[in-house]
Each structure stands twice: as C-alpha cells, then as structure tokens.
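Reviewing the structure listed below.
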Amino acid sequence: MLIEIKGVQFENKGAELMLYSIVEQIHSRWPNAEICLRPRLKSPYLKRASIGAYQKLHLAKGNIDLNTLAYWIPKKVKHYLKRVWGIVTEADIDAVLDASGFSYGDQWGPHCLDAIEKEVLRLKQHKKHYVFLPQALGPFDRNELQTKASKVFTNACLVFAREQQSFEHVEKLSSGNVFIAPDFTNLYSPEADASYRHLRGQVAIIINSKMVSDKNTNSYWREHYVNNIAQIMAALIEQGHKVFLLNHEGEKDQALCESLQAKIGEVDIISPDNANDVKGIIKQCSFVVSSRFHGCVSALSSGVPCLATSWSHKYEQLYMEYQVSDYLLSEQHFEEPIAELLAQFVLKLPQIRVQLQEQSQIYKTQSNEMWQKVEAQLTSLNL
C-alpha cells in the first residue's frame, strides 16, 4: 500500500509534528506500507528522504491539472521511475491522508477547494481513497464554496473535524462520513535533544506572525499583539521567571522573535531544526505562552499549563475541550496590568497540571479511536 501524506511540511513545526505522528501510526498499523510526499520549498528533498518518502510527481500548476495523464503511463515506466528514481504518481497511490490543518473555508477563498475537488473526485473514480484527518474546517457560507465543499466532503472516504464547530460546518455538506476527533499529535511524545536540557523549568514564549497578518480578523490583536507579548515577558522576568522565545515556524516568526528580543533585552531565541525538539522542549517547560495552535496542543496534551492568544476559532474550541478557556487571553485581560493575572496563574499551576493530565487521557483515547476508524476503512478496501 502506498499512502500519500498531504498538507504537511518541515518549516512549520506543527505541520512537521503532524507528519511524524502520521508516520508513526502508519508504521504501527500498516508495517508494509510505503509513504510519499509532494516536493515543496518547505519540504526539501533531504528532509523527505530522511523519513523514507517517495517523491510524488504532481502534474498541476495553478488551474491546470494534468494528473489524469498519470493513469496512462505504462506500468513498466512507473515501476522504473519508482525503483530507480524514487518517483511515484497519483496512479501509484492507494490512499491520501490529508493533514492540512486549517486550509479549507471562507477565510481562504475558493481557490483552496478548486484543486482538492478535482483530486477527490478523480481518486474516487479510480477506486482510491481520500481521508481528511482531524483539522479545522469552514465555515462555508459563500455559495460557490458550499457547492465545492459538498462535492469534496461527500466523495471523501472519511472526514474528521477537529471540534464541534468544524463538524457543524461540514456535516450538512457531507453524506454521513464526518466524525469529530481531536488533534492527533497528542499521541506523539518525542524527547528533546540533550542540548536543550538547560531550558527545563523555564517559560517558553511561542509567537505567531498570523496574529499580525490580514488572516486575523481581530483588529485589536493586529495592532497590539507585539506590545502585549512584550508586557507578558517583562512581567514574567520581573517575577523571577526564566523566559525564552521558541520559534515554532520560520522566517516571519523569527522576525517577530527578534523584534521582541530588541524590546525586552537579554532573552534567548531558540529555533530548533525539527519538530521533535520543539515538542520535547515544550514538555519540559514550567508553563508556556503560545500563539501557535500546535504549541498549545503540545503543551496541553503533555500536561503543561499554557496561556494562549487566538486568531481563529480552533483555539477557542481547543481550550473549551481542555476546560481551560479562562487561560485564552483576550483584550480584556490587558485593560489592567497583566502582572496580577500571571501571578495568579502561576499559583494555580499544580492544579492545572492535574486537570490537563486527566483531559489529555480522554483525548488520547479519542485519537486512538480515530486511527482505528481509518485502519478499519483502509483494511476493508483490501489495500
């Protein structure tokens, strides 16, 4: 069985974490399965090769999609390409596991569904199977998106919404194949490299360039985000905490880290090369302040208290699930000096950890149940 893992990359550590989580489950549930990835600028060849992935030849650019031609390539030629060059096509793939995170909905416009609509329908026609792994979906209020989304989700093999709100967006556009399941990286628990042990017990600040981008519809955060994070860092340092900036993505987040470093002074910027180190570092922190969704997931699922900021509904839903909505920061929290809130949060750390450990076990069980559904579906198809 050849499985394409879609929607992942190596620069965004949340996307990389999803990739490693999927690979771990594939090796566990289908030991003889092979994987492939599409070449992308943020997924360079050596990174793809390091996890044993074949290279998928994607015959599409913009609105032009020629992947249907792959089905006309002679078997001998496809076998040669795979064995000698490590190249596979859509015609070689048995199933797609889509872990795009948050890429389908009004916020992204119709282009986000144009290509996926063609792909899902073509795969179904050729008896191949498309699974949307847990992710934030929707809303789909625009008529043109509703039509496309309905075709996509109705013809997919399985669709997993990451929370209730996403489920409601998709359920009415599907055919009973939609389920709710939490973010599946909660099952993946790597350790950080020994070179990061000096960070144990410190406070990680994980920023997000999307907080100040047009993707964030909240004008307050776009205007005040950097200053508010600087206030938090300054208050924590004054209260005696060791604080560092953890770059969870790439150049844009690095630029924000450097801006905050210039405001605060002596504070380290940690930019690990891989997602395993990122999650391992988060697991050993005293607590975390995160604006990256998977930074929040990595903390909460590991029992590490986490204050967060939000730029989409997926944060609100996550914090409702873990029953820690009080720790999702809003503009109201900054109407008074933030130091008192931080001090009260620190006093509650022991009980928050206990609560998170209890909730984490519930969601890990649900993630296992999700994978069991995927395993049963693919097994029933005799792949």
Side-chain angles (χ1 to χ4, degrees), residues 9-17 42 185 190-213 215-216 221-300 302 304-311 315 327-329 333-334 338-339 341-343 345-346 349:
Q9 48 143 301
F10 292 89
E11 183 174 295
N12 180 304
K13 298 312 173 189
E16 185 181 4
L17 199 63
K42 295 180 180 181
T185 61
E191 298 297 329
D193 185 80
S195 61
Y196 296 111
R197 286 177 183 166
H198 67 288
L199 300 173
R200 185 177 298 278
Q202 295 189 27
V203 180
I205 310 294
I206 305 173
I207 49 77
N208 187 348
S209 59
K210 284 191 172 68
M211 289 293 299
V212 294
S213 78
K215 296 298 182 185
N216 189 352
W221 279 117
R222 290 200 309 270
E223 297 170 10
H224 299 280
Y225 176 65
V226 174
N227 284 335
N228 284 352
I229 295 298
Q231 287 181 42
I232 290 172
M233 293 175 64
L236 289 173
I237 292 170
E238 187 175 343
Q239 292 174 8
H241 299 281
K242 289 189 175 182
V243 174
F244 65 95
L245 288 154
L246 179 59
N247 185 351
H248 207 282
E249 186 158 336
E251 293 180 0
K252 291 183 179 180
D253 282 12
Q254 179 69 19
L256 270 183
C257 285
E258 291 172 0
S259 174
L260 285 162
Q261 187 183 53
K263 285 178 175 290
I264 299 302
E266 291 296 321
V267 58
D268 291 335
I269 299 174
I270 307 297
S271 299
D273 186 51
N274 66 78
N276 290 333
D277 284 334
V278 170
K279 185 162 187 178
I281 289 169
I282 289 171
K283 285 168 52 181
Q284 65 184 17
C285 285
S286 171
F287 62 93
V288 173
V289 180
S290 177
S291 300
R292 281 280 170 193
F293 180 80
H294 276 101
C296 298
V297 174
S298 292
L300 300 180
S302 302
V304 176
C306 180
L307 291 168
T309 68
S310 167
W311 68 276
Y315 293 84
Y327 306 123
L328 189 61
L329 299 175
H333 290 108
F334 293 89
I338 198 69
L341 182 149
L342 295 172
F345 178 72
V346 170
L349 288 180

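We count residues from 1, following the sequence as given.
You'll find the side chain of K263 reaches within 4.5 Å of the side chain of V226, heavy atoms only. Side-chain contact check for I229 versus I205: some heavy-atom pair is nearer than 4.5 Å. I206 has its side chain out of reach of V289: every pair of non-hydrogen atoms, C-beta onward, lies at least 4.5 Å apart. By the 4.5 Å heavy-atom criterion applied to side chains, M233 and V267 are counted as neighbours. In this structure, the side chains of P305 and F345 come closer than 4.5 Å at one or more pairs of heavy atoms. In this structure the side chain of L256 never reaches within 4.5 angstrom of the side chain of L245, judged on heavy atoms. Counting heavy atoms from C-beta outward, V212 and E223 have side chains that stay 4.5 Å or more apart. In this structure, L246 and V278 have side chains that are in contact, with non-hydrogen atoms separated by less than 4.5 Å.
Listed for the D193 side chain is a donor-acceptor partner under 3.5 Å among the backbone atoms of S195. In this structure a side-chain-to-backbone donor-acceptor pair under 3.5 Å is present from E16 to A275. Remark: the backbone N or O of N247 is not paired with any side-chain donor or acceptor of D253 at under 3.5 angstrom. Between the K279 side chain and the S302 main chain, no donor and acceptor come within less than 3.5 Å of each other. Q261 places no side-chain N or O within 3.5 Å of a backbone atom of I264 that could act as its donor or acceptor partner. Side-chain atoms of S298 come within 3.5 Å of backbone atoms of H294 as a donor-acceptor pair (strictly under, hydrogens ignored). Using modelled atom types, no side-chain atom of E11 and backbone atom of K42 make a donor-acceptor pair closer than 3.5 Å.
A pairwise comparison of heavy atoms in L342 and A235 identifies CD1-CB, 3.6 Å as the closest pair. Taking all atoms of both residues into account, the shortest heavy-atom contact from C296 to S290 is N-OG, 3.5 Å. S291 approaches M211 most closely through the heavy-atom pair CB-CG, 4.0 Å. Nearest heavy atom pair, residue I281 against residue I270, reads CD1-CG2, 4.1 Å. Contact between Y196 and Q284 at its shortest, heavy atoms only, is O-NE2, 2.7 Å.
Between the CD1 atom of I282 and the CG atom of L199 there is a distance of 11.5 Å, given to the nearest 0.5 Å. Taking CH2 of W311 as the reference point, atom CZ of F293 lies at 11.0 Å (rounded to 0.5 Å). Annotation: the span from L307 atom CG to L328 atom CG amounts to 9.5 Å, rounded to 0.5 Å. Between the CG atom in N228 and the CZ atom in F334 there is a gap of 4.0 Å [rounded to 0.5 Å]. Going from atom CZ of F10 over to atom CG of L17 covers 12.0 Å, rounded to the nearest 0.5 Å. Note that NE2 of H224 and CD of Q231 are 10.0 Å apart. Values are rounded to the nearest 0.5 Å.
Among residue pairs with one or both ends in residues 230-283, those qualifying as ring pair (Phe, Tyr, Trp, His ring centres under 6.0 Å) are H241-F287; sequence neighbours excluded.
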From CA spacing to verdict: side chain to side chain contact (heavy atoms under 4.5 Å, CB included), V243, D268: CA-CA 8 Å; V243 174; D268 291 335; over 6 Å; no

Take R292 and N12, measure what side chain to side chain contact (heavy atoms under 4.5 Å, CB included) needs, and give me the verdict at the end. CA-CA 10 Å; R292 281 280 170 193; N12 180 304; 3.6 Å; yes

Dump the intermediate steps for side chain to side chain contact (heavy atoms under 4.5 Å, CB included) on I207 and C257, then the final yes or no. CA-CA 7 Å; I207 49 77; C257 285; 3.8 Å; yes

Between Q254 and S271, does a side-chain hydrogen bond (donor to acceptor under 3.5 Å, both in side chains) hold up when you go through it step by step? CA-CA 8 Å; Q254 179 69 19; S271 299; 3.1 Å; yes

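Side chains of Y315 and T309: no donor on one and acceptor on the other come within 3.5 Å. With hydrogens and angles left out, the side-chain atoms of Q202 and S286 include no donor and acceptor closer than 3.5 Å.
Here K13 does not pair with D277 in a salt bridge; the nearest charged N to carboxylate O distance is not below 4.0 Å. E191 and K283 are joined by a salt bridge, as a carboxylate oxygen and a charged side-chain nitrogen come within less than 4.0 angstrom of each other.
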